[in-house]
Amino acid sequence: MFDAVRNGPSKYTQAQRAAWVPVRRSGAEWESRLAAKDIATGRDGDRITGFMSIEGGGLYRLCLYPA
């Protein structure tokens, strides 16, 4: 997610991107956070074109659709 937000194509400024994802996330805490969500990916063949997570009640938390 870090590379997609911080280094991928975007209409957002570098400051906005840094505010959204200030550091690279990893480890047990991040894995636990993601394990509690349903994650969906959009694909074009082998290329991931977007992803999002959905929590109870249909709340979208993480969404990214690269340009």
Exercise. Should the heavy atoms of other residues, nucleotides or ligands under 6.0 Å from OH of Y12 be counted, would the total exceed 12?
Worked result: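 At most 12 heavy atoms, drawn from other residues, nucleotides or ligands, come within 6.0 Å of this atom.
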Exercise. Quick check: are there more than 12 heavy atoms from other residues, nucleotides or ligands sitting under 6.0 Å from CG of D38?
Worked result: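 It does not: D38 CG has 12 such atoms or fewer within range.
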Nearest non-hydrogen partners of [X] and [Y], listed with the distance:
X: K37; Y: S53; answer: CD-OG, 3.5 Å
X: R25; Y: W30; answer: CD-CZ3, 3.3 Å
X: P22; Y: R6; answer: O-NH1, 3.4 Å

Exercise. Taking atom types as modelled, is there a side-chain donor on T13 or Q16 under 3.5 Å from an acceptor on the other?
Worked result: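 The answer is yes; a qualifying pair exists.
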Problem set entry | Gap between atom CG of N7 and atom CZ of R17 - 0.5 Å precision |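 R17 CZ to N7 CG: 7.0 Å, rounded to 0.5 Å.
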